[in-house]
Amino acid sequence: MKHFVMILIGALVLYGGWQLTSPLVRKNASKTFARHALRLIAFGMLLLTLLIVAYYTPALHLL
């Protein structure tokens, strides 16, 4: 539950910061996000896939 609250507070801070910036800065930031969105989504999907694989793969017995 505390992680949800932390993410919620972080999202509200980001939203407030976004609204307080000038429209020109928001336009440039939107272009940058759009340019890098595909890479970020691919990286997130890779991390999620690795998490799923780590969950279903048994641990190695080293000894």
Side-chain angles (χ1 to χ4, degrees):
M1 185 67 184
K2 70 178 177 179
H3 291 97
F4 173 74
V5 172
M6 290 170 54
I7 291 172
L8 180 65
I9 290 171
L12 290 174
V13 168
L14 285 173
Y15 177 75
W18 181 260
Q19 291 300 319
L20 292 174
T21 58
S22 68
L24 181 61
V25 172
R26 278 188 262 170
K27 183 177 179 182
N28 290 338
S30 295
K31 285 182 183 178
T32 303
F33 291 148
R35 195 174 332 133
H36 296 288
L38 183 60
R39 292 180 191 133
L40 290 172
I41 290 170
F43 184 67
M45 294 301 292
L46 175 69
L47 289 178
L48 182 63
T49 303
L50 289 173
L51 178 67
I52 292 169
V53 168
Y55 179 78
Y56 285 109
T57 303
L60 294 174
H61 298 288
L62 297 176
L63 297 175

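No hydrogens, no waters, no symmetry mates; every other heavy atom, side chains included, goes into these values.
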Which atom pairs, donor and acceptor, lie under 3.5 Å between side-chain atoms of residues 27-37 and protein residues at least two apart or in another chain?
from, atom 1, to, atom 2, distance (Å)
S30, OG, R26, O, 2.9
T32, OG1, N28, O, 3.0
H36, ND1, R39, NH1, 3.2

Give every donor-acceptor pair under 3.5 Å between a side-chain atom in residues 44-55 and any protein atom, sequence neighbours left out.
from, atom 1, to, atom 2, distance (Å)
T49, OG1, M45, O, 2.8

Give the table of side-chain donor-acceptor pairs shorter than 3.5 Å for residues 6-22, with sequence neighbours excluded, one pair per line with atom names and distance.
from, atom 1, to, atom 2, distance (Å)
T21, OG1, W18, O, 2.8
S22, OG, V25, N, 3.4

